[in-house]
Amino acid sequence: MTGRLLAGSRVVRRTLVLGAVAALATGLAVAGTPRANAAADTLGAAAAQTGRYFGTAISASKLGDPVYTAIAGREFTMVTPENEMKLDATEPRQGVFNFGPGDRVYDWAAQNGKQVRGHTLLWHSGQPQWLQNLSGSALRQAMIDHIDGVMAHYKGKIYAWDVVNEAFADGTGGRRNSNFQRTGDDWIEHAFRAARAADPAAKLCYNDYNIENWTSAKTQSVYTMVKDFRSRGVPIDCVGIQAHFTSGNPYPGDFRTTLRNFAALGVDVQITELDIQGAPPATYADVVTDCLTVPRCTGVTVWGVRDTDSWRSGDTPLLFDGDGDKKPAYTAVLDALNAAVPGPSPSPTPSPAGSCTATLSAGAKWPDRYNLGVTVTGSDDWIVTMTVPRPAKIIATWNVSARWNPTTNVMTARPDGHGDSWGVTIKHHGNRTWPTVSCRHA
Ligand code: 9MR
């Protein structure tokens, strides 16, 4: 019953027998349910107590501003480069990649213990001129080469990629007319397949705006696409809902329904670019609470730190004012996060045929750590991703081949020949909230 835990390039071998012996010797086995957590005083810590992340968009050009980095470093656990991983930034000339700005954001995030959402591989906007000039099979090949090139550079480092951004038209629900779309309807699924091959550890998301309202034609079209992808085994793990709310595009009363319905397709949902005109505290709290009620809503990202950092600063839509002071919306969000009931990871959403499910069960407990059993169903060649809420961390595994990323606090596990039941030991450091797990075919 030995465990193998790869930390970076180092191989750490541990035996759970040792842990069990130690517990027996000291008679410290602990029974009972996890304790409720105390209220957290940052957005990231409060979200982590629910097994979720709380993120922000970050601009490389602002990383020299100490007020900006102090807030971002303190409050957020997920970072989305606001512009630095877009097409025009990363491939300014065909086949010539520039990862300088993207790396500056990535490195800042990693050095500060934050995960990164990659944004975005294919988007009709922000294309370099050479790409706009291509069409047909040459364009299709360039799209795939772009995915391969960018994902190879960040392989194993990205929590989730927005593989395709904003591919549907407003109003009608049809596909947006773009050079990508003119290469054929199947460009999106080809992009997702290429992305899975390029970095099997990253969650692959479709990301869009104006898909918050369940009844809108655009939401329905995206839903139909994701459902089709899931039923045909096209690799998609998540839907990013941007949530840029204005008086013309207000927060809809059925937002929770939208989150729940996407999640029921067997994908994670994430609120990826939240900002609300005027930052009304009650609306901010409602949006966050909607996410907290949907087990597979794995996190919320606001689109910038201070109002003055916003792409629409005149709307003062964020959680910090231009001086870096907390706004009433900040307190509303923190309170909403702290009001969530901590506890075991929610039971997984039933998965459609062709996908897999990882289910957690309680194991032995000690004062400083606890065991979880994991059972995988629906596949015999799977990849399970386990995100551990900080400051807890996995210190051992058994019957599985696992790689632990100490920077992101995420473990990626594959079968090691011992079947589909395995386990982990978690040193909780005071946070007993169970990790979140997701499963997909290898
Ligand atoms: O906030 C981003 C702004 O700085 C850029 O100028 C703009 C164009 O690249 O993109 C903004 O971010 C967009 C995001 O990438 C996709 N969804 C809409 C966001 C707001 O326009």
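All values derive from a computational prediction rather than experimental measurement. In each ligand, atom 1 is the first atom listed, and ligand 1 is the first ligand listed.
What sits closest to atom 18 (C) of ligand 1 on the protein, heavy atoms only, is E273 OE1, 3.2 Å. Protein heavy atom nearest atom 12 (O) of ligand 1, with residue, atom name and distance: W303 NE1, 3.3 Å.
Under 4.0 Å from ligand 1, the heavy atoms of N165 that appear belong solely to its side chain. Neither the backbone nor the side chain of Y209 comes within 4.0 Å of ligand 1, counting heavy atoms alone.
Each of the following atoms of ligand 1 lies closer than 4.0 Å to a heavy atom of Q242: 17 (N), 18 (C). Atoms of ligand 1 lying under 4.0 Å from at least one heavy atom of N83, given by number and element, are 2 (C), 3 (C), 4 (O), 5 (C), 7 (C), 9 (O), 10 (O). If you number the atoms of ligand 1 from 1 as listed, the ones under 4.0 Å from a heavy atom of H244 come out as 18 (C), 19 (C).
Between R256 and D290 there is a salt bridge, since at least one side-chain N of the basic residue sits less than 4.0 Å from a carboxylate O of the acidic one. Ion pair R140/D186 flagged as a salt bridge, since at least one NZ, NE, NH1 or NH2 atom sits closer than 4.0 Å to an Asp/Glu carboxylate oxygen. Using a 4.0 Å cut-off between charged nitrogen and carboxylate oxygen, D268 and R52 do not count as a salt-bridge pair.
If you look at F76 and Y53, their ring centroids are not closer than 6.0 Å. The aromatic ring centroids of W303 and H119 lie less than 6.0 Å from each other.
Contact of the R232 side chain with the E189 side chain is registered, since non-hydrogen atoms from C-beta on lie closer than 4.5 Å.
Distances shorter than 4.0 angstrom do not occur between any heavy atom of R312 and any atom of ligand 1.
Residue nearest to atom 10 (O) of ligand 1, selected from E166, K86, E82: K86 (by heavy-atom distance).
Between R306 and the options D65, D325, D275, a salt bridge (Lys or Arg N to Asp or Glu O under 4.0 Å) holds for only D65.
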